[in-house]
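Proteins come first, then strands; the chains are lettered A, B, ... in the order of their sequence lines, and each starts at number 1. Remember, predicted model here, so these are calculated numbers, not experimental data.
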2 protein chains.
Amino acid sequence: MKEITVKKGQILQREGEMNGKVYFVKSGLLRSYSIDKKGKEHIFMFAPEDWVVSDNLPPDQPSGLFIDALEDSIVVAKEKDLARDSQMDTIKLFKRMGVLQKRIIMLMSSSAIERYEHFIETYPQIVQRVPQRMIASYLGITPEALSKVKGERIIKK
Amino acid sequence: MKEITVKKGQILQREGEMNGKVYFVKSGLLRSYSIDKKGKEHIFMFAPEDWVVSDNLPPDQPSGLFIDALEDSIVVAKEKDLARDSQMDTIKLFKRMGVLQKRIIMLMSSSAIERYEHFIETYPQIVQRVPQRMIASYLGITPEALSKVKGERIIKK
DNA sequence: GGTAAGCATTAATCTATATTAAGAAGTTGT
DNA sequence: ACAACTTCTTAATATAGATTAATGCTTACC
């Protein structure tokens, strides 16, 4: 049960590195991201209680994802040999899987505005601290589109 | 380890039902879907080796998702009390979570055409057997847009 | 203090996908 | 075999979000 303190900006995994680790976020904020052919970043964020998993565990193949910290964080790193760790709470793992599955359905069927509304509900503390362009990337839109969305929100209020 | 045979069209979980189950797909094809305010279906498919999880396990609250079979299938149903099941292979669960996480990033950053290409690569057997409108829903587009995409694909070839 | 570099915003234009509508093709029931 | 349905396709138009470009704002560096 080794807790690791991760400083803001610190990299936990580089694209192409061998992985085999799973991180449980105790505090702070992590992100994983990939870079597409056009050089664009695509971000996913992980808040406390989330699990961050490399994309191709457990074979010893390189991961296509970066993982780093957006805020000073504390994580628990688990090795892949935790299979027989009877302490591991599979209920929580299944719950998390259910959340991910439902999120995919939600993401596919909602507009940028709806996704932004959901984001500020889910991560109210984060909105101020993280650069707009990362929030935009997380929402799957451009920073310009996010500016527009925010403008329209204020008008409505 | 109770295996269940599920007939095409059979419903495993209705929206609003209490859940607490997890299904491992041995053969066939399941889907889960939700219906939005406008009455539109939003689909997610599960092929052999996938886990189908209700969205809000384990609390005894209703699920917002339907789960049913698109093909005759065989599934293993697990109760939520499997937490202390030492047979449960957490490596596989983490792997599956990693796949889901990466899929979210991919979905957010790809066009309808790219998602369709990926779909027919991933599920070549399924393309013929499942109605177009379900594939469209899975891809997050309308059936009309899918028709167009397919037309453009043929022209290119 | 001035200039450079990155970030956010705004606006003009462009493009992918949605919406609407209509017809063709397939299916189901009688 | 026909009528009633549903699904798929095609086309015309509308719209959300991308792209491009220009501007102001910081922050950093010389």
Side-chain angles (χ1 to χ4, degrees), chain A residues 8-9 29 31 33-43 45 68 70-71 104-120 123 126-157, chain B residues 7-9 29 31 33-43 45 66 68 70-71 104-120 123 126-157:
Chain A
K8 179 175 176 175
L29 186 68
R31 68 165 174 170
Y33 62 102
S34 62
I35 297 182
D36 68 19
K37 326 91 203 168
K38 295 176 191 156
K40 260 197 211 163
E41 263 180 39
H42 301 284
I43 289 177
M45 296 185 198
D68 66 7
L70 292 178
E71 298 282 329
I104 289 175
I105 292 180
M106 277 181 34
L107 287 175
M108 298 297 287
S109 60
S110 59
S111 65
I113 294 168
E114 290 168 327
R115 296 198 298 275
Y116 183 65
E117 297 283 356
H118 182 260
F119 177 77
I120 55 181
Y123 301 121
I126 292 174
V127 184
Q128 294 84 349
R129 301 197 308 243
V130 167
Q132 298 302 305
R133 73 200 156 74
M134 286 196 190
I135 295 175
S137 172
Y138 179 77
L139 298 174
I141 57 176
T142 59
E144 294 87 346
L146 177 54
S147 270
K148 217 179 181 180
V149 163
K150 290 196 294 181
E152 283 162 17
R153 260 176 57 81
I154 291 162
I155 290 164
K156 278 189 194 162
K157 287 200 171 174
Chain B
K7 283 282 171 196
K8 177 174 176 175
L29 186 67
R31 68 165 173 170
Y33 63 102
S34 63
I35 298 181
D36 69 19
K37 325 91 203 168
K38 294 175 192 157
K40 260 197 212 164
E41 264 180 40
H42 300 285
I43 289 177
M45 296 185 198
F66 293 82
D68 65 8
L70 292 178
E71 298 283 327
I104 290 175
I105 292 180
M106 278 181 32
L107 288 175
M108 299 296 287
S109 60
S110 58
S111 65
I113 294 168
E114 290 168 327
R115 296 198 298 274
Y116 183 64
E117 297 284 355
H118 182 262
F119 177 77
I120 56 182
Y123 301 120
I126 292 174
V127 183
Q128 294 84 348
R129 300 196 310 242
V130 167
Q132 299 301 304
R133 72 197 160 75
M134 286 195 191
I135 296 175
S137 171
Y138 179 77
L139 298 174
I141 58 177
T142 59
E144 294 87 345
L146 177 55
S147 269
K148 219 178 180 182
V149 162
K150 289 198 295 180
E152 283 161 17
R153 261 177 56 81
I154 292 163
I155 290 164
K156 278 189 194 162
K157 287 199 169 171

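Axis angle, first five pairs versus last five pairs of the helix from C:dG1-D:dC30 to C:dT30-D:dA1: 40°, rounded to 10°.
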Report all interatomic pairs (protein N or O, nucleotide N or O of nucleotides 25-28 of chain D) with separations under 3.5 Å.
none

Every protein N/O lying under 3.5 Å from an N/O of nucleotides 6-8 of chain D:
from  : atom 1 : to       : atom 2 : distance (Å)
D:dT7 : OP1    : B:Arg133 : NE     : 3.2
D:dT7 : OP1    : B:Arg133 : NH2    : 3.3
D:dC8 : OP1    : B:Gln132 : N      : 2.8
D:dC8 : OP2    : B:Arg133 : N      : 3.2

Collect all protein-nucleotide pairs involving nucleotides 12-19 of chain C in which both atoms are nitrogen or oxygen and the distance is under 3.5 Å.
from   : atom 1 : to       : atom 2 : distance (Å)
C:dT17 : OP1    : B:Ala112 : N      : 2.8
C:dA18 : OP2    : B:Thr142 : N      : 3.2
C:dA18 : OP2    : B:Thr142 : OG1    : 3.1
C:dT19 : OP2    : B:Lys40  : NZ     : 3.0

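Partners of A:Glu41 according to the side chain to side chain contact (heavy atoms under 4.5 Å, CB included) rule, which considers only residues two or more places apart in sequence or in another chain, are A:Arg31, A:Tyr33, A:Ile35, A:Ile43. Among residues two or more places apart in sequence or in another chain, the salt bridge (Lys or Arg N to Asp or Glu O under 4.0 Å) test is passed with A:Arg115 by none.
Minimum heavy-atom separation, A:Asp68 to A:Gly9: CB-O, 4.5 Å. The minimum heavy-atom distance between A:Met134 and A:Leu70, with the atom names listed, is SD-CD2, 3.4 Å. Looking at every heavy atom in both residues, B:Met45 comes nearest to B:Phe119 through SD-CE1, 4.1 Å. Across all their heavy atoms, A:Met108 and B:Tyr138 have their closest contact at CE-O, 3.9 Å.
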Evaluation steps, side-chain contact (heavy atoms from CB on, under 4.5 Å), between B:Lys148 and B:Glu152: CA-CA 6 Å; B:Lys148 219 178 180 182; B:Glu152 283 161 17; 4.0 Å; yes
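The interatomic distance linking A:Glu152 (CD) with C:dT10 (C1') rounds to 13 Å, in whole Å. In this entry the distance linking OH of A:Tyr116 with C1' of D:dG17 reads 17 Å, nearest Å.
Counting heavy atoms from C-beta outward, A:Ser111 and A:Glu114 have side chains that approach closer than 4.5 Å. In this structure the side chain of B:Leu29 reaches within 4.5 angstrom of the side chain of B:Val130, judged on heavy atoms. Counting only heavy atoms from C-beta outward, the side chains of B:Leu107 and A:Ile104 approach each other to under 4.5 Å.
Remark: B:Leu139 CG to B:Gln132 CD distance equals 10.0 Å, nearest 0.5 Å.
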